[in-house]
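Okay, structure first, notes after.
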Protein chains: 2
Amino acid sequence: MTETRVERKERTRRAILDAALELCEGQPLAALSLRQVAKQVGIVPTAFYRHFESIDQLGLALVDESFSSLRSLLKAARTFDSPPANDRALFLAVVDNSVKALVTHVPKADRHYRFIARERLAGSATVREAVRHQLELIERELATDIARVPGAGRWSGDDLLILANLLVNAMLSHAEELALAGGRADVVRRVESTARRQLHMVLIGALSWDSSR
Amino acid sequence: MTETRVERKERTRRAILDAALELCEGQPLAALSLRQVAKQVGIVPTAFYRHFESIDQLGLALVDESFSSLRSLLKAARTFDSPPANDRALFLAVVDNSVKALVTHVPKADRHYRFIARERLAGSATVREAVRHQLELIERELATDIARVPGAGRWSGDDLLILANLLVNAMLSHAEELALAGGRADVVRRVESTARRQLHMVLIGALSWDSSR
DNA sequence: GTTCTCGGTGTACAGACGTACACCGAAACT
DNA sequence: AGTTTCGGTGTACGTCTGTACACCGAGAAC
């Protein structure tokens, strides 16, 4: 059983990421020591440096990992083979797809999202910035998609961003709750219906909104 | 210059709270050591125990302190000597008052709110629970106030809570941004207008909402 | 005026921390 | 086949951690 060197390196790298994620549960990354992580992985402390130059860099890797799948998933939820006829039906379909994507995906990677929730505001400056950046990308992608809806002509660019911000914040708080639920079916169902109803309210209200008052 | 014993105790207690709040900037409470706090205050490490039995208990005290003024402030923003005539005007007035309360109060106690933002999800289990509890109180108080609006009759109890949840989450995210802005006037103004516009959108939409679809 | 209470002090210790350094052995390169 | 690369090891250090213990001195209680 010989193992190529890159394979082996990748394997322990993964082990470090997993160990950090596990040890992090219920405490911020900054409260984690290099030695704890190393012990959990089963390597000597100094070997950690072969993979990351600091706990902080490890955090950045975890942020990238967490967001990579989510963004493509959300974008996919908003693209249709045959888009619904009117704006109202389109909005409702988008909401349903997005919410469904969220409730199926987040519980599957809940440790990652608990990590994001914690580090978003409590992490080191660089980690916080990385999370903020990813969320801003999601927000902008959403705003562009909304702008493509025919009836959105009455909306100013500012109002589009403000609306997208409202929606992303709402989804974020639901994602956090889902992540904390640890996959409990009743909580997942409750969050799903709450999220759907909230987004319906906002978007149905938005349809009758006119930026020029 | 004699000082009564309770006065002196209260004074160092305050000094400990302030020191913790200051040392916390940019890092979670859990990453703080008892010795750091003691050094900042200018007392010997063991003297800390005369006031708090752990860093965690100190955290709970900070949570209480942070929320005490906010809740009464928000409630006050929703009570009128002479309430506006129609629902729409009432909603707009409530939004204006609440947003104004937020943007004047949060920057004045921004260190407390940065602390809350960090610890809400990254703190120890007991601190997290304390924050969650306070937010839930705010949410329920808001729901009861909305229910009193005459035109809210069409709203089911569930939908009221869902709406309140949406509003509080939006305000929370704006409070976080305000706290992080550190009082920079341009940011404060931008957040103020964003918040007002978002809440207008939601509440104006809500007026045409009917829980029975 | 004597005694008690209690916030704050100083010393002391065992353990965990980050990291520097020299080293090993097998995969990878030539 | 000989040499280089590099992930992982083991030791060793100075520093910081929480906390136990004995002690002090001034305000409070009697």
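As the structure is a computational prediction, the values presented were derived from the model and not from experiment. Proteins come first, then strands; the chains are lettered A, B, ... in the order of their sequence lines, and each starts at number 1.
- Between the CD atom of Glu10(A) and the C1' atom of dC6(D) there is a distance of 16 Å, given to the nearest Å.
- Atom-to-atom, CD of Gln57(A) to C1' of dG18(C) comes out at 16 Å; the value is rounded to the nearest Å.
- Within a 6.0 Å radius of CZ in Arg184(A), other residues, nucleotides and ligands contribute 12 heavy atoms or fewer.
- Of the residues listed (Glu176(B), Glu119(B), Glu25(B)), the one engaging Arg114(B) in a salt bridge (Lys or Arg N to Asp or Glu O under 4.0 Å) is Glu25(B), and it is the only one.
- Side-chain contact between Arg78(B) and Asn97(B) is absent, with no heavy atoms from C-beta onward closer than 4.5 Å.
- Evaluation of the ring-ring contact (aromatic ring centres under 6.0 Å, His included) rule for Tyr113(A) yields His105(A) as partners, not counting sequence neighbours.
- For the pair Leu34(A) CG and dC16(D) P, the interatomic distance rounds to 18 Å; values are reported in whole Å.
- Following rounding to the nearest Å, Gln36(A) (CD) and dG15(C) (C1') show an atom-to-atom distance of 13 Å.
- Atom pair Leu58(A):CG and dG18(C):P shows a separation of 13 Å (rounding to whole Å applied).
- The distance from atom NZ of Lys39(B) to atom C1' of dT15(D) is 11 Å, rounded to the nearest whole Å.
- Side-chain contact, Thr194(B) with Asn165(A): no donor N or O sits under 3.5 Å from an acceptor N or O.
- Listed pair Ser33(A) / dA16(C) fails the phosphate criterion, with no side-chain N or O lying under 4.0 Å from OP1 or OP2.
- In terms of position along DNA chain D, the nucleotide closest to Ile55(B) lies nearer the 5' end than the nucleotide closest to the other residue of the pair Ile55(B) and Val6(B).
- Between the side chains of His174(B) and Gln198(B), at least one donor-acceptor pair of N or O atoms lies under 3.5 Å.
- Atom OH of Tyr49(B) and atom P of dG18(D) are 7 Å apart (whole Å).
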Sugar-phosphate or base contact per nucleotide [nucleotides 3-13 of chain C; S, B, -; heavy atom under 4.0 Å]: --BSBBBB-B-
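- Rounded to an integer number of Å, the gap from CD of Glu7(A) to C1' of dG7(D) is 14 Å.
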